[in-house]
Amino acid sequence: MAIKASELNTAAVELHGISKRFGQPARRPFGRRTVKKEKLALDQVSMHVDTGRITGILGANGSGKSTLIRILATLMTPDAGTASVFGYDVVTQPDDVRRHINRVSVEASFFKEMSPWENMLYAARLYGSGGKGTRARVEGMLERLGLPLDTLDKPMKQLSRGQQQKIAIARSFLTSPSLLLMDEPTTGLDPRSKREVQELVRTIRRDRAATVLLCTHDLEEAEVLCDHVLVLDQGRVLAEGTPAELIHAHAGEVGGSLEDAFMKLTGKRLEEDEEAKDE
Amino acid sequence: MIGNSLRWELNAFVGFIERQKNLYRRYWLWEAVWLLYNLVSVLSIGYLAAGLSTLGLEPGQANLHQTQLYLLVGALLWTYLSLVFFEIAFAITWERWEGTIEYTFMAPIKRLTHLLGMSAASLIYGIARTAAIGFALIFFFNLDLSHANWLTALAIFAAATLPLLGLGIFTSVLPLLSPEKGEQMAFAVQGVLLLISGVYYPISVLPAPLHVVGILSPLTYTLSGVREALLHGLSLAGALPDIAILLLMGVILVPASVWCFNRAEVRAKRLGLLKRSG
């Protein structure tokens with residue numbers, strides 16, 4: 001859905017003091033009863049995202065990135081604070097928020113037996129289209145994404161992970177969102193697919209004037225793609241600025257990288273976190 | 001403005017029916033297996049009635065032909081009612097299993113549209129599958145439906161749709177409340193409905209507490225009404241009390257179940273339960 005002129009002057013995203021806590025059931029070591037172990041996923045997070053920019057949220061696993069995205073996608077309600085998308089409150093005006101957003105998540109949210117076309121037609125219907133001309137639009141998108149047209153009618157489960165992720169992005173294009181929430185869209189992709197998806201993100205901003213909120217733990221990706229970056233750790237925003245500003249302020253030496261800045265801020269490397277997760 | 005909103009919701013409503021049609025088509029082998037399973041179950045009930053005479057029951061003690069018809073109508077209706085109930089009640093479980101639940105819940109549509117779209121698809125599919133089994137029965141049994149009042153049966157069948165949707169939506173709330181145990185609870189509800197609704201016997205044979213619960217089940221009125229219409233030619237006027245009860249139950253159950261669903265959705269979003277798959 002296109003943004004109204006009045007919304008152009010509004011911040012794409014505004015967060016004030018957002019907190020979210022989960023009570024996780026845990027088993028006692030030598031008993032059958034369960035106790036509640038609480039986890040603070042977001043701790044008083046405030047942020048501002050300008051319209052038309054790519055804003056990156058950097059953080060390790062469990063830093064609160066996905067919780068933040070879910071709150072903005074109206075899939076979760078915060079315990080405290082306020083969050084708005086183009087001026088619409090995510091809790092009290094979810095319908096207005098939903099008309100402006102779409103989300104590409106790390107796992108492909110598709111009906112696996114259905115084909116890309118059937119999945120995209122379903123998405124189009126939910127977002128007010130799906131009539132004549134939809135098939136031609138979808139085919140055009142697939143061509144732009146470098147996907148062979150014969151993939152359109154195969155079951156999703158027969159496509160590679162890279163192809164599925166491209167279809168997920170194409171599906172989000174189909175609904176013309178003003179704000180695209182991307183939750184680790186390149187995780188698990190081979191280098192070539194990763195580059196192609198990154199190119200697509202650039203295209204979205206260039207051709208569609210959409211705002212992109214990109215959650216990633218790929219620091220190179222953030223450095224290359226993002227206009228503005230926030231570093232999130234244990235549910236708190238540690239720093240924000242352009243990649244160059246963060247490198248300058250926190251990398252500590254000439255020729256430093258965003259990874260150096262991230263390490264300095266959080267005291268950890270994202271690769272270590274990934275390795276720990278794999279183990 | 002209202003016209004645009006209505007068009008938007010209607011488009012999404014069609015989208016749910018279209019999606020279910022595609023899913024049934026893509027899972028055609030499973031659907032064929034379920035159709036066969038249902039057909040075999042109904043046939044087994046029919047042959048059970050036919051075999052009663054060989055178990056020592058004298059023809060004079062019971063009208064075996066009527067008994068067979070009584071059981072077959074119950075089995076066929078249960079096939080339909082349980083299928084529609086299952087499809088609606090497991091709508092959330094199904095989406096969680098596919099991994100699409102967040103995508104659907106994030107869509108800019110009313111939850112009522114979502115639930116009614118799913119329900120409409122279930123009803124269409126349920127009628128088609130039950131009709132296929134019904135036609136098959138004609139070839140296996142010598143059914144005497146000469147006394148049947150089809151108009152009355154159809155009217156009761158239509159009136160039963162509303163409370164059936166309400167029950168299904170109520171049960172679909174369970175997986176939203178508890179991702180770990182909701183699915184099992186939904187199966188349990190389906191089992192209880194089979195026991196208390198008089199699918200294979202009049203509910204008068206049940207112990208008093210179950211009899212009372214049976215009186216509260218809309219399926220009881222559907223089964224007894226349709227049976228009376230098909231076996232004894234119950235007139236439309238005679239069926240009006242049952243139709244009124246069913247409509248009243250529907251008028252209460254549908255809004256109440258949608259309200260419950262909305263409350264459960266709010267709770268799931270507060271506790272972060274939408275994503276969890278078990």
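Proteins come first, then strands; the chains are lettered A, B, ... in the order of their sequence lines, and each starts at number 1. Worth knowing before you read on, the calculation uses all heavy atoms, side chains too, and leaves out hydrogens, waters and symmetry mates.
- Only the side chain of B:Tyr27 has a heavy atom closer than 4.5 Å to any heavy atom of chain A.
- Taking the side chain as every heavy atom from C-beta outward, B:Leu274 and A:Met76 never approach each other to under 4.5 Å.
- Chain A forms more heavy-atom pairs under 4.5 Å with one residue of B:Leu10, B:Val266, B:Thr104 than with any other, namely B:Thr104.
- Scanning residues 151-162 of chain A against chain B with a 4.5 Å heavy-atom cutoff picks out A:Asp153, A:Pro155, ordered by number.
- For A:Ala41, no part lies under 4.5 angstrom from a heavy atom of chain B.
- Put simply, the side chain of A:His100 does not reach to within 4.5 Å of the side chain of B:Pro108, judged on heavy atoms.
- Contacts with chain B were tallied for A:Pro78, A:Ser109, A:Ser105; A:Ser109 has the most, counting heavy-atom pairs under 4.5 Å.
- One distance of note links CD of B:Glu102 with CG of A:Asp183; it measures 9.5 Å at 0.5 Å rounding.
- With a 6.0 Å cutoff to the six-membered ring centre and a 45° limit on the axis angle, A:Arg125 does not count as a cation-pi contact of B:Trp8.
- Here the options are B:Lys21, B:Arg25, B:Arg19, the test is side chain to side chain contact (heavy atoms under 4.5 Å, CB included), and the partner is A:Glu118; only B:Arg25 passes.
- For A:Ser115, the parts lying under 4.5 angstrom from a heavy atom of chain B are both the backbone and the side chain.
- A donor-acceptor pair is defined here as one N or O able to donate and one able to accept, closer than 3.5 Å; such a pair exists between the side chain of B:Glu98 and the backbone of A:Lys112.
- The candidate from B:Ala107, B:Ala12, B:Gly99 with the greatest count of non-hydrogen atom pairs under 4.5 Å with chain A is B:Ala107.
- A heavy-atom distance below 4.5 Å is not found between the side chains of B:Asn22 and A:Tyr122.
- Ranked by non-hydrogen atom pairs under 4.5 Å with chain A, the options B:Glu95, B:His114, B:Met106 are led by B:Met106.
- Counting heavy-atom pairs under 4.5 Å between each of B:Glu265, B:Glu18, B:Arg270, B:Glu9 and chain A puts B:Glu18 at the top.
- A centroid separation of 6.0 Å or more is found between the aromatic rings of A:Phe110 and B:Tyr103.
- Taking a cutoff of 4.0 Å between a charged side-chain nitrogen and a carboxylate oxygen, A:Asp95 and B:Lys110 qualify as a salt bridge.
- Rounding to the nearest 0.5 Å places CD of A:Glu107 at 11.5 Å from OG1 of B:Thr100.
- With a threshold of 4.5 angstrom between heavy atoms, A:Arg21 does not approach chain B through any atom at all.
- Within the model, atoms CG of A:Leu75 and CG of B:Leu273 stand 12.5 Å from one another, a figure rounded to the nearest 0.5 Å.
- Between B:Ile109 and A:Leu126, the closest heavy-atom pair is CG2-O, 3.6 Å.
- A donor-acceptor contact shorter than 3.5 Å is absent between the side chain of B:Lys269 and the backbone of A:Ile71.
- Proximity to chain B (any heavy atom under 4.5 Å) is shown, for A:Glu113, by both the backbone and the side chain.
- Considering only heavy-atom pairs separated by less than 4.5 Å from chain B, the leading option among A:Asn119, A:Ile101, A:Asn102 is A:Asn102.
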